[in-house]
Amino acid sequence: MKDKNEFLQVKDLVVEYTSEGKIVHAVNKVSFSLERGRTIGLVGETGAGKTSIAKAILRILPEPGGKIVGGEVFLDGEDILKIKEKGMRKLRGRKISMIFQDPMTALNPVKRVVDQIAEVVRTHNSKMSAVEATAEAIKMLEKVGIAENRVREYPHQFSGGMKQRVVIAMALACNPDLLLADEPTTALDVTIQAQVLEMINELKKDFNTAMIMITHDLGVVAEVCDDVAVVYAGEVIEYGTKEDVFDHPAHPYTKGLFGAIPDLNSHVKRLSPIEGLPPDPSDLPEGCNFSPRCPYATDECRRGEINAVEAAPGHTCRCCNIKAQEVQK
Ligand SMILES: Nc1ncnc2c1ncn2[C@@H]1O[C@H](COP(=O)(O)OP(=O)(O)OP(=O)(O)O)[C@@H](O)[C@H]1O
Ligand code: SF4
Ligand SMILES: [Mg+2]
């Protein structure tokens, strides 16, 4: 992956929560970058830190408790972790939008769907009249497959899939440069999921949006992602293009996850379980976070920080022992 022309650059991001007197190390020096028009998939088990990464970028970590304690996030060359909250509020929605897993987080139950979108449109185009904003909202809803005769209904009159499509329309109504999607299709049935993914792909192409797709679902990665960052215990342990990571996994964790999957076009959708549990983020092991579960662990793995190494140009892997695995294969 190129380092220049990157629209988003996340460098050494560290997020901690304070909970019951303990420090939860949720995100530990995460780095990745993204060009306009490309999608990166953040994949990993539950509790790996995926949502925390997205919320840190948007600066919406829960308060008190959640805190960015290190790192930089450059958006279009500007470190947005240094912007004041007022400036950040302008960025949210205008430049960055987020689609949450639960559509009702974003929808107002007592407002007609079209009015909610029109409001977003108007917030970002203050010169637009109410009538123009409504026309724009109807266009946006039609794009996500909601017919004009339904747009004046309330969210509760819509199915789960339709609600999620409204949320996607809302996230895209302000034409964001960066879209963060946190498991946007997990709650949907398979047919609707396929439609929504197709739509996301089309819209992304139309608007040249950069996108972070958080998912457990390898089918979603295959469908929409260009690059993949595998997240384990708050670290990106493998990072590369989708083809690098799927077809040539280098980290023992990724190999385990993808073990059951012969290739990118196979229909195995879920991450395969690996024996053991991820470490407690308030009590991480010394050295490699994966060492308690890793079949290749040596004493070297249990000492100091494990740096990312290149498995191939642009394809990195946080493992000090790639060669040993090759031998043991
Ligand atoms: N508000 C909070 N207070 C304390 N700990 C938290 C809080 N939110 C998240 N965590 C912890 O931070 C770690 C990362 O959580 P996060 O929600 O980012 O993971 P995730 O990868 O999105 O998981 P999932 O796939 O289940 O959504 C977990 O150990 C989680 O328990
Ligand atoms: S550093 Fe060691 S323990 Fe960690 S993944 Fe590599 S071989 Fe396994
Ligand atoms: Mg999450």
Side-chain angles (χ1 to χ4, degrees), residues 1 10-17 19 22-33 40-53 56 69-71 214-216 218 221 227-261 270-329:
M1 266 158 293
V10 177
K11 285 188 177 169
D12 295 327
L13 181 67
V14 181
V15 175
E16 290 176 358
Y17 297 98
S19 172
K22 286 184 184 165
I23 295 179
V24 179
H25 299 279
V27 179
N28 305 306
K29 290 201 182 170
V30 158
S31 302
F32 61 87
S33 53
I40 186 167
L42 299 186
V43 295
E45 284 165 294
T46 183
K50 306 178 297 294
T51 299
S52 302
I53 295 170
V69 293
I214 295 174
T215 183
H216 290 97
L218 298 183
V221 177
D227 303 322
V228 176
V230 182
V231 186
Y232 184 80
E235 289 181 334
V236 172
I237 52 98
E238 183 153 3
Y239 175 42
T241 63
K242 172 173 67 181
E243 289 74 19
D244 284 340
V245 178
F246 269 77
D247 297 341
H248 310 284
H251 194 282
Y253 176 68
T254 322
K255 284 182 179 170
L257 281 184
F258 294 3
I261 302 167
R270 297 280 157 185
L271 305 178
S272 68
I274 298 177
E275 220 172 283
L277 289 171
D280 176 353
S282 64
D283 186 20
L284 291 172
E286 197 39 40
C288 174
N289 286 335
F290 189 57
S291 61
R293 295 166 91 180
C294 180
Y296 309 103
T298 61
D299 288 346
E300 193 193 349
C301 306
R302 300 188 184 93
R303 283 194 294 261
E305 195 174 337
I306 309 291
N307 293 316
V309 292
E310 277 204 322
H315 175 191
T316 59
C317 167
R318 199 175 285 272
C319 172
C320 63
N321 222 354
I322 298 186
K323 291 225 166 66
Q325 294 172 47
E326 298 293 326
V327 176
Q328 286 180 46
K329 243 196 300 198

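All of these numbers come straight from a predicted model, not from anything done at the bench.
- Applying the salt bridge (Lys or Arg N to Asp or Glu O under 4.0 Å) rule to Lys29 yields the partners Glu305; only residues at least two apart in sequence or on another chain are considered.
- Under a 3.5 Å cut-off, the side chain of Ser19 and the backbone N or O of Lys22 do not form any donor-acceptor pair.
- Side-chain N or O atoms of Lys50 include none that pairs as donor or acceptor with a backbone N or O of Val231 at under 3.5 Å.
- Arg293 is listed as a side-chain neighbour of Pro278, based on a closest heavy-atom distance under 4.5 Å.
- Defined by atom type and a distance below 3.5 Å, a donor-acceptor pair is missing between the side-chain atoms of Glu243 and His248.
- Evaluation of the side chain to side chain contact (heavy atoms under 4.5 Å, CB included) rule for Ser31 yields Asp12 as partners, not counting sequence neighbours.
- Annotation: salt bridge (Lys or Arg N to Asp or Glu O under 4.0 Å) contacts of Glu310 (sequence neighbours excluded): none.
- Remark: the backbone N or O of Ser33 is not paired with any side-chain donor or acceptor of Lys11 at under 3.5 angstrom.
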For residues 282-290, which side-chain donor-acceptor pairs fall under 3.5 Å, sequence neighbours excluded?
residue	atom	partner	partner atom	Å
Ser282	OG	Asp280	OD1	2.8
Ser282	OG	Asp280	OD2	3.2
Asn289	ND2	Glu235	OE1	3.4

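- A distance of 3.5 Å separates OG1 in Thr254 from CD1 in Ile237, rounded to the nearest 0.5 Å.
- Remark: Thr316 engages no residue in a side chain to side chain donor-acceptor pair (under 3.5 Å) (not counting sequence neighbours).
- Considering every non-hydrogen atom in both Val27 and Ser52, the closest pair reads CG2-CB, 3.6 Å.
- Within the 4.5 Å cutoff, the side chain of His25 has no heavy atoms near those of the Val14 side chain.
- Tyr296 has its side chain out of reach of Cys320: every pair of non-hydrogen atoms, C-beta onward, lies at least 4.5 Å apart.
- Counting heavy atoms from C-beta on, the side chains of Tyr253 and Arg318 never come closer than 4.5 Å.
- Not a single salt bridge (Lys or Arg N to Asp or Glu O under 4.0 Å) links Arg303 to another residue, sequence neighbours left out.
- In this structure the side chain of Asp227 never reaches within 4.5 angstrom of the side chain of Phe32, judged on heavy atoms.
- Contact record, Ala26 with Tyr17: CB-CE1, 3.5 Å, taken as the closest heavy-atom pair.
- In terms of the side chain to side chain contact (heavy atoms under 4.5 Å, CB included) criterion, residue partners of Val309 (sequence neighbours excluded) are, by chain and number, Ile322.
- Taking the side chain as every heavy atom from C-beta outward, Asp299 and Arg302 approach each other to under 4.5 Å.
- For the pair Ile306 and Glu300, the tightest heavy-atom approach, listed with the atom from each and the gap, is CD1-O, 4.5 Å.
- Residues that satisfy the side chain to side chain donor-acceptor pair (under 3.5 Å) test with Ser291, not counting sequence neighbours, are absent from this structure.
- In terms of the side chain to side chain contact (heavy atoms under 4.5 Å, CB included) criterion, residue partners of Val236 (sequence neighbours excluded) are, by chain and number, Val30, Ala229, Tyr239.
- Side-chain N or O atoms of Glu238 include one that pairs as donor or acceptor with a backbone N or O of Ala250 at under 3.5 Å.
- Nearest heavy atom pair, residue Cys301 against residue Asn321, reads SG-ND2, 4.0 Å.
- Val245 pairs with exactly one of Leu257, Val221, Val230 by the side chain to side chain contact (heavy atoms under 4.5 Å, CB included) rule, that one being Val230.
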